[in-house]
Amino acid sequence: MDRPIRVVVAKPGLDGHDRGAKVVARALRDAGMEVIYTGLRQTPEQIVEAVIQEDADCLAMSILSGAHNHLFPKVVNMLKERGVEDVLVVGGGVIPEDDIPGLLEAGIAAIFTPGTPTSLTIDFITQNIKK
Amino acid sequence: MFDKQKAAEIKAAAEKWDNGVKSKLERQPERKLTFRTSSGMEIKRMYTPADIEGMDFNADLSNPAQYPYTRGVQPTMYRGRFWTMRQYAGFATAEESNNRYKYLLEQGQTGLSVAFDLPTQIGYDSDHDLSEGEVGKVGVAIDSLKDMETLFDGIPLDKVTTSMTINAPAAVLLAMYIAVAEKQGVSAEQLSGTIQNDILKEYIARGTYIFPVVPSMRLITNIFEYCSKSVPKWNTISISGYHIREAGSTAAQEVAFTLADGIAYVEAAIKAGLDVDDFAPRLSFFFNAHNDLLEEVSKYRAARRLWAKIMKERFQAKDPKSMMLRFHTQTGGSTLTAQQPDNNIIRVTIQTLAAVMGGTQSLHTNSKDEALALPTEDAVRVALRTQQIVAYESGVTETVDPLAGSYYVEAMTNDIEARAMEYINKIDDIGGAVKAIERGYIQKEIQDSAYKYQMEIESNERIVVGMNKFQIQEGSPKGLLRVDPAVGELQKQKLETLRNERDNNKVNAALEALKKAAQTDENLMPFIIDAVRTYATLGEICGILREVFGEYQQSVIL
Amino acid sequence: MDIKAGLLKGDKRAAARLITLAENGDEEAVRIIRECYHLTGKARIIGITGPPGAGKSTVTDRLAKLLRMQDKKVSIIAVDPTSPFTGGAILGDRVRMNDLSTDPGVFIRSMGTRGALGGLSKAAHDAVRILDIFGSDYIFIETVGVGQSEVDIVKLADTVVMVMVPGLGDDIQAIKAGIMEIGDVFSVNKSDREGAERTAVELEMMLDFNKSSDFRPEVINIVARDNQNVDKLLEAIEKHWEYLCTKSNYQDRKRNSIHTEIISLINQYIITSIQKNNHSNLIQSMVEKVLKKELDPYSAAIEILQSVPIITTVQHDN
Ligand code: B12
Ligand SMILES: Nc1nc2c(ncn2[C@@H]2O[C@H](COP(=O)(O)OP(=O)(O)OP(=O)(O)O)[C@@H](O)[C@H]2O)c(=O)[nH]1
Ligand SMILES: [Mg+2]
């Protein structure tokens, strides 16, 4: 592809753990992507608007505070309500393995947990964007 | 420490020896071309007195509890009494956390350490929109004095010391603690414990800020002033490097940025008209313990020496207590892996040794399930036992500052101090920690280190056992702690009942008085205490302050 | 998705997608812009420029909020630098505009400079046009604050706001040649800091010396973070607009800008034609000739141009 992939990296909710999100954001940039970093404490509404206005290829969310089962599906549903179907949604953070099937079911394409090399995330995004 | 001639002889001999080794390296190469500490400082093949040539025993080391306190702040150290074993805990409701605290005390823990949930830390009640999905998840939910009464039910506040990890709304939680004590018949003078109350590192690394810098600093100095008169045994701030390190900094950056924050608080308090020796003895610190044992021990020693010098030389403190850096330690969560979690017990053991040989005053040991979820009761017990084993069985506690005099440790102590000082000078040039944070300078330095660390792991330059080497196939971990999602509803109901039952006229009057005071420069502590007594909620109190003060806007530079 | 219809209805997704197409040099974008060109010219275009970290995004956020209170539809294009090494970028201006992002009357788009060598890219130019068609009353363009983009923004914007900070004394000296011509309004942001008054006075003095235009820009001390004096800044922006509309040679300014744009499009079309027609062999052979001194570069360029069928290749199918 000869255009940069555009990714919104977002921290939904009140969670302040941003080391991982920032590391991932930088790794994506170094892989040639355009990364829109939204900062902490984003509401699902703000994230959905950012994805739309930035015409992102991928939404990458990070949660380490245990609110993933509530917030991830909420964002995905809101995207659906707005008719956004062609954006790849991935998530990462401290997420118990038992919760992952439910999140995949809800429409998150992949969940990356502690210890995942960023190269894996990069490959996944590059191979799975829908536009 | 040696006379000149002797030192020169030693140096020459060491060089000769080193050249001899080098000549054989082609046949017997070392594992790496350069050896570095976990933070990236280069390590020599061996250390001799030549590496600490200029060192002056009295000026640089001295004896324990003597300036510059390199060797510790207590004369007998752990021969007198072990450090306080303090496991950070809290989740779900006040009832459940109360049970966990009682369990921990029964298991021999000697102090409490309260973890609050994120809505509480950010000043929202459990029924706020933004609290949805977060209530009780990573700490206990406290909405009002009612919850706080439950949290400490049956725990005599004159007998335990309590540490509360609370920052932006620290004044409110401290007020509630004082009010609970009152109801137990314990006076504020008897209370002892710590509030974290360190807003600068929230902006830098931890993220639970509410108000902008200026009013936040005012709340902090209000607390200093109030406590110096009314809660004299309370540690009014825990200036924290822990979170800075966990956000990815190096050891030297941890020391540098923490002490730079410390300088900013001292300056703010002096500017607010306080005398340095009135508040400085109650300042305490909080550091991390990572795996590089000797680097970490050196780090604590360097921090103690540097702080003593700063207090004496820069701030002209007179009271020795103002110069003593007392600190809490927590083992390094980010060194612990989701893979083969049992290995984490070993890591925590090493880190415990570092903290203890570095002379910590209290310690939290992380549990083996750190990278998976909040710890289970079993995992916490093992973590506590780790401390107890080091205390009772390892022997490192039997003399003070056991590693002093190691050429390597002393050289490294000097090195970390010098690197930290270099950063502090740079921050002074920028105009102090507050400006450096507003510019994103400190955050950027930390992020650069964090990124480097991650890339080293990915290129296998840095080995993490079980994660990028010696991996095994593992099933999904079982028996993790889960917080019942119903907690949110439960807290909401409790709030509704509270709002119906309390005297809302009194609440409104107290909040109105607080608002007026916030607009002047009166000390806010008495107003906040009055408000919590009426069962005004945390969210209501912070809401009023948000109205007057506005909110902090994060500074992001990637 | 019918992008054109969506754009005309004011659908954010359509506008967003069209900007992407324009950024990626897709002909579809040019086609739609051409078809809707008659709808452009309604938006006020405001450039926000100044050194890195001066508070450009914060100022933009606060100005946009004031305009929202007047029920104006606001769009923001925020440009950040693309890494020349990886082609990637971190676009972080949005962080400063978080509460605007859910306002139905606001559209925010982050852009990397991509290949534009520090200048404001052609894509940003197209984006302005798209957001004009989209129905914006105001379009803000926040530049990266380095070199060429300041100069480019003038050609695009009706009003250029320079965001300065106190204590830039030496920097002002260094860049004054450039900025004095560019700024229509000067703001000294972060006036909560020491030296704000002095910086303002220094700027005033320099502006007094600068006689190149009959419009004397205002200098305004603001604290964007605390929303202080931002209303004054907006007033000054409006005053500049009045000046443009009444006293000045606004039409000339527009003429100039159209002229520049046409010339730059011609340039671009020629280059594209040469690339598209795979003339690299021709160029290569010319290079060799020039190297051997068989030909001079001037003649070589003319010879290449003569062999390129420019007109046919750049026609867009309607
Ligand atoms: C570092 C850390 C902190 C630092 C955060 C610093 C910072 N600025 O980020 C500090 C010390 C401040 C901190 C504080 C707290 N922490 Co903490 N913290 C951790 C810790 C130890 C490591 C996280 C980390 O940064 N790892 C390094 C980075 C590089 O890895 P990572 O984030 O996992 O990211 C990787 C993957 O997960 C994935 N990934 C992550 N995000 C994303 C996003 C996308 C889009 C993608 C594709 C991939 C991806 O890729 C990354 C690279 O491999 C974890 C435990 C652990 N070992 O994981 C606890 C942990 C997350 N913290 C925890 C808690 C409870 C807290 C507190 C809430 C405690 C309290 N009550 O006050 C506080 C408050 C924080 C807040 N404001 O929200 C709990 C959460 C429990 C839960 N979810 O059930 C954990 C799990 C520890 C525990 N077992 O108790 N913490
Ligand atoms: N003290 C002070 N700080 C401000 C003011 N306005 C903005 N800031 C801070 O300055 C920093 C940079 O602000 P931005 O708005 O991101 O600046 P910018 O010029 O857009 O930055 P780049 O896009 O990175 O060049 C942030 O930390 C703001 O909070 C102000 O009036 N006073
Ligand atoms: Mg900006």
Side-chain angles (χ1 to χ4, degrees), chain A residues 1-12 18 21-58 60 75 78-87 118 122 125-126 129-131, chain C residues 1 3 6 11-26 29 57 74-115 121 123 127 130-131 134 136:
Chain A
M1 193 173 353
D2 54 355
R3 64 175 182 90
I5 296 175
R6 289 171 66 83
V7 186
V8 168
V9 173
K11 292 273 327 162
D18 58 4
K22 283 173 167 168
V23 162
V24 168
R26 267 171 94 155
L28 297 181
R29 182 209 41 202
D30 288 350
M33 302 186 194
E34 285 185 351
V35 179
I36 296 102
Y37 183 70
T38 63
L40 296 179
R41 296 194 204 168
Q42 297 295 296
T43 62
E45 289 82 358
Q46 285 171 325
I47 293 171
V48 168
E49 278 302 325
V51 169
I52 289 176
Q53 294 169 27
E54 301 292 353
D55 193 26
D57 301 291
C58 172
V75 174
M78 233 178 236
L79 280 171
K80 279 192 198 133
E81 275 163 32
R82 297 286 302 272
V84 181
E85 311 264 356
D86 54 0
V87 174
T118 54
I122 292 164
I125 293 176
T126 315
I129 55 165
K130 303 177 185 173
K131 290 180 197 164
Chain C
M1 174 169 33
I3 296 180
D11 173 18
K12 287 185 182 178
R13 281 186 67 202
R17 179 59 48 85
L18 188 53
I19 294 175
T20 306
L21 293 177
E23 262 192 306
N24 296 338
D26 196 308
S57 302
V74 179
S75 294
I76 297 165
I77 300 164
V79 187
D80 270 321
T82 294
S83 155
F85 306 109
T86 66
I90 302 256
L91 311 175
D93 294 315
R94 231 192 150 82
V95 177
R96 301 254 89 85
M97 309 175 186
N98 266 331
D99 2 317
L100 282 177
S101 66
T102 50
D103 181 333
V106 176
F107 183 96
I108 306 171
R109 179 60 174 248
S110 319
M111 288 182 126
T113 50
R114 299 210 181 162
S121 57
I130 291 165
L131 292 169
F134 175 67
S136 313

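Naming: A, B, ... by sequence-line order, numbering from 1 per chain.
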Practice prompt. Heavy-atom pairs under 4.5 Å with chain A are the metric here; pick the option from Thr102(C), Ile90(C), Thr82(C), Val95(C) that has the most.
Written response: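 The residue among Thr102(C), Ile90(C), Thr82(C), Val95(C) with the greatest pair count is Ile90(C).
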Discussion item. Does anything in residues 23-51 of chain A form a ring pair (Phe, Tyr, Trp, His ring centres under 6.0 Å)? List the pairs, not counting sequence neighbours.
Written reply: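 Pairs touching residues 23-51 of chain A that pass the test: none.
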Heavy-atom pair with the smallest gap, counting every atom of [X] and [Y]:
X: Gln53(A); Y: Ala16(C); result: O-CB, 3.5 Å
X: Gln46(A); Y: Asn98(C); result: NE2-O, 3.1 Å
X: Arg13(C); Y: Gly83(A); result: NH1-O, 2.9 Å

Measure the spacing between [atom1] of [X] and [atom2] of [Y] and express it to the nearest 0.5 Å.
X: Arg94(C); Y: Gln42(A); atom1: CZ; atom2: CD; result: 9.0 Å
X: Glu34(A); Y: Leu91(C); atom1: CD; atom2: CG; result: 5.5 Å
X: Ser101(C); Y: Glu49(A); atom1: OG; atom2: CD; result: 6.5 Å
X: Met33(A); Y: Thr86(C); atom1: CE; atom2: OG1; result: 10.5 Å
X: Arg17(C); Y: Ile52(A); atom1: CZ; atom2: CD1; result: 10.5 Å
X: Glu54(A); Y: Thr20(C); atom1: CD; atom2: OG1; result: 9.0 Å

Heavy-atom distances under 4.5 Å only: say whether [X] touches chain C with side chain, backbone, both or neither.
X: Arg41(A); answer: neither
X: Val84(A); answer: both
X: Asp86(A); answer: side chain

Discussion item. Which residues pass the ring pair (Phe, Tyr, Trp, His ring centres under 6.0 Å) test with Phe107(C), not counting sequence neighbours?
Written reply: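 In terms of ring pair (Phe, Tyr, Trp, His ring centres under 6.0 Å), with neighbours along the sequence ignored, Phe107(C) is linked to Phe134(C).
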Worksheet item: Going by an N to O cut-off under 4.0 Å, is there a salt bridge joining Asp26(C) and Arg3(A)?
Response: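 A salt bridge is absent here (no side-chain N lies under 4.0 Å from a carboxylate O).
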Worksheet item: Where on Asn24(C) is there a heavy atom nearer than 4.5 Å to chain A: the side chain, the backbone, both, or neither?
Response: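 Contact with chain A: side chain only.
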